[in-house]
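Scroll down for the structure; my scribbles are underneath it.
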Amino acid sequence: MTLKEKQQEIVEEFAFLEDWEQKYEYIIDLGKELKGLPEDKKTETNLIKGCQSKVWIDAEFKDGKLYFNADSDGILPKGIISLLVSIYNGHTTQEILDSDFEFISQIGLQEFLSPSRANGLMAMTKQIKFYAVAYQLKK
């Protein structure tokens, strides 16, 4: 499935949810499915700056694609990073660099987050792009 298709799938899933309480529950449930990071990966290097909660993301480049693993000490940020990981996992650096985050606007996520959580969301998206740039340069 392409990155755009994954993003569209999320937009469609959110469209079925009637209100923001259901959307928050959905995001929290996504976080519960995230396998998390081992303690040795919860380092300062993997910590996303700008998040109210602690959010860590690690990336591995394998067979020409990036694979992300993440964790958070907060239930909502864990769900948000889980959502992002599910979309961007297993794609090439170029696919990630060429992608946009328009789906976030389409599902209205940023509008319903507190300013500090919205900043955290933007920091998470920037970190994913940063990993794509870093591994693109290593190729």
Side-chain angles (χ1 to χ4, degrees):
M1 184 179 289
T2 69
L3 238 164
K4 207 56 155 164
E5 289 169 339
K6 286 182 181 179
Q7 291 173 340
Q8 186 57 39
E9 188 176 84
I10 292 296
V11 169
E12 290 169 7
E13 287 175 15
F14 269 77
F16 283 109
L17 302 172
E18 294 180 16
D19 57 33
W20 267 99
E21 187 174 319
Q22 288 181 342
K23 292 177 184 187
Y24 279 132
E25 286 177 27
Y26 177 75
I27 292 169
I28 289 168
D29 286 344
L30 287 175
K32 291 176 182 175
E33 296 172 12
L34 189 66
K35 84 176 185 185
L37 277 174
E39 289 302 316
D40 67 327
K41 294 286 185 178
K42 292 181 182 178
T43 63
E44 191 67 28
T45 303
N46 291 334
L47 187 65
I48 297 177
K49 313 297 185 272
C51 291
Q52 185 176 1
S53 299
K54 289 188 176 181
V55 178
W56 301 270
I57 188 166
D58 187 36
E60 178 183 8
F61 189 68
K62 186 169 59 174
D63 300 324
K65 297 181 179 177
L66 270 176
Y67 295 90
F68 298 97
N69 196 8
D71 206 349
S72 176
D73 63 356
I75 58 171
L76 188 59
K78 189 170 185 171
I80 293 169
I81 195 66
S82 177
L83 176 71
L84 294 173
V85 165
S86 72
I87 292 171
Y88 292 94
N89 230 10
H91 289 280
T92 67
T93 56
Q94 195 60 55
E95 287 173 310
I96 294 169
L97 292 173
D98 290 343
S99 72
D100 60 38
F101 295 100
E102 180 63 28
F103 75 96
I104 292 171
S105 298
Q106 291 175 342
I107 63 175
L109 181 58
Q110 204 165 358
E111 298 169 29
F112 291 93
L113 295 175
S114 67
S116 60
R117 293 263 189 244
N119 286 340
L121 170 61
M122 295 315 298
M124 291 177 205
T125 59
K126 285 180 184 177
Q127 190 64 32
I128 288 170
K129 290 276 188 174
F130 172 79
Y131 275 119
V133 168
Y135 282 98
Q136 179 85 3
L137 294 174
K138 286 184 177 185
K139 290 200 299 184

- Task: Determine whether the side chains of Glu60 and Tyr131 contain a donor N or O and an acceptor N or O closer than 3.5 Å.
- Result: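 Tyr131 and Glu60 do not have a side-chain donor-acceptor pair below 3.5 Å.
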
Heavy atoms of other groups near [X] [atom1], more than 12 under 6.0 Å:
{"X": "Lys23", "atom1": "NZ", "result": "yes"}
{"X": "Ile75", "atom1": "CD1", "result": "no"}
{"X": "Asp19", "atom1": "CG", "result": "yes"}

Does the side chain of [Y] come within less than 4.5 Å of [X]'s, by heavy atoms?
{"X": "Ile96", "Y": "Tyr135", "answer": "no"}
{"X": "Lys41", "Y": "Trp56", "answer": "no"}
{"X": "Gln7", "Y": "Ile10", "answer": "no"}
{"X": "Ser53", "Y": "Lys78", "answer": "no"}
{"X": "Lys129", "Y": "Ser99", "answer": "yes"}
{"X": "Phe68", "Y": "Leu66", "answer": "yes"}
{"X": "Val55", "Y": "Ile80", "answer": "no"}
{"X": "Leu76", "Y": "Tyr24", "answer": "yes"}

Roughly how far, to the nearest 0.5 Å, is [atom2] of [Y] from [atom1] of [X]?
{"X": "Leu3", "Y": "His91", "atom1": "CG", "atom2": "NE2", "result": "4.0 Å"}
{"X": "Leu30", "Y": "Leu34", "atom1": "CG", "atom2": "CG", "result": "9.0 Å"}
{"X": "Asp98", "Y": "Thr93", "atom1": "CG", "atom2": "OG1", "result": "9.0 Å"}
{"X": "Ser86", "Y": "Glu33", "atom1": "OG", "atom2": "CD", "result": "9.0 Å"}
{"X": "Ile87", "Y": "Thr125", "atom1": "CD1", "atom2": "OG1", "result": "11.5 Å"}
{"X": "Trp20", "Y": "Glu25", "atom1": "CH2", "atom2": "CD", "result": "12.5 Å"}

Identify the two heavy atoms, one from [X] and one from [Y], that lie closest to each other, and give their separation to 0.1 Å.
{"X": "Val85", "Y": "Ala70", "answer": "CG2-CB, 4.0 Å"}
{"X": "Pro38", "Y": "Asn69", "answer": "CD-ND2, 4.5 Å"}
{"X": "Met124", "Y": "Leu84", "answer": "CB-CD1, 3.6 Å"}
{"X": "Leu113", "Y": "Ala118", "answer": "CB-N, 3.9 Å"}

Between [X] (side chain only) and [Y] (backbone N and O only), is there a donor and an acceptor less than 3.5 Å apart?
{"X": "Lys6", "Y": "Asn89", "value": "yes"}
{"X": "Ser72", "Y": "Lys54", "value": "yes"}
{"X": "Glu5", "Y": "Met1", "value": "no"}

- For Lys49, what residues pass the salt bridge (charged side-chain N to carboxylate O under 4.0 Å, His left out) criterion, not counting sequence neighbours? Glu44

- Yes or no on salt bridge (charged side-chain N to carboxylate O under 4.0 Å, His left out) for Glu39 and Lys42, after CA distance, side-chain angles and deciding distance? CA-CA 5 Å; Glu39 289 302 316; Lys42 292 181 182 178; 3.2 Å; yes

- Item | Cluster overlap Phe103 with Leu17, hydrophobic side-chain contacts below 4.5 Å | yes

- Message: Would you say the rings of Phe14 and Tyr26 are close, in the sense that their centroids are separated by under 6.0 Å?
- Response: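 Between Phe14 and Tyr26, which both carry aromatic rings, the centre distance is below 6.0 Å.
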
- Task: Report the C-alpha separation of Asp100 and Lys4 in whole Å, then their side-chain angles, then the decisive distance to 0.1 Å, and conclude whether the salt bridge (charged side-chain N to carboxylate O under 4.0 Å, His left out) test is met.
- Result: CA-CA 9 Å; Asp100 60 38; Lys4 207 56 155 164; 3.6 Å; yes

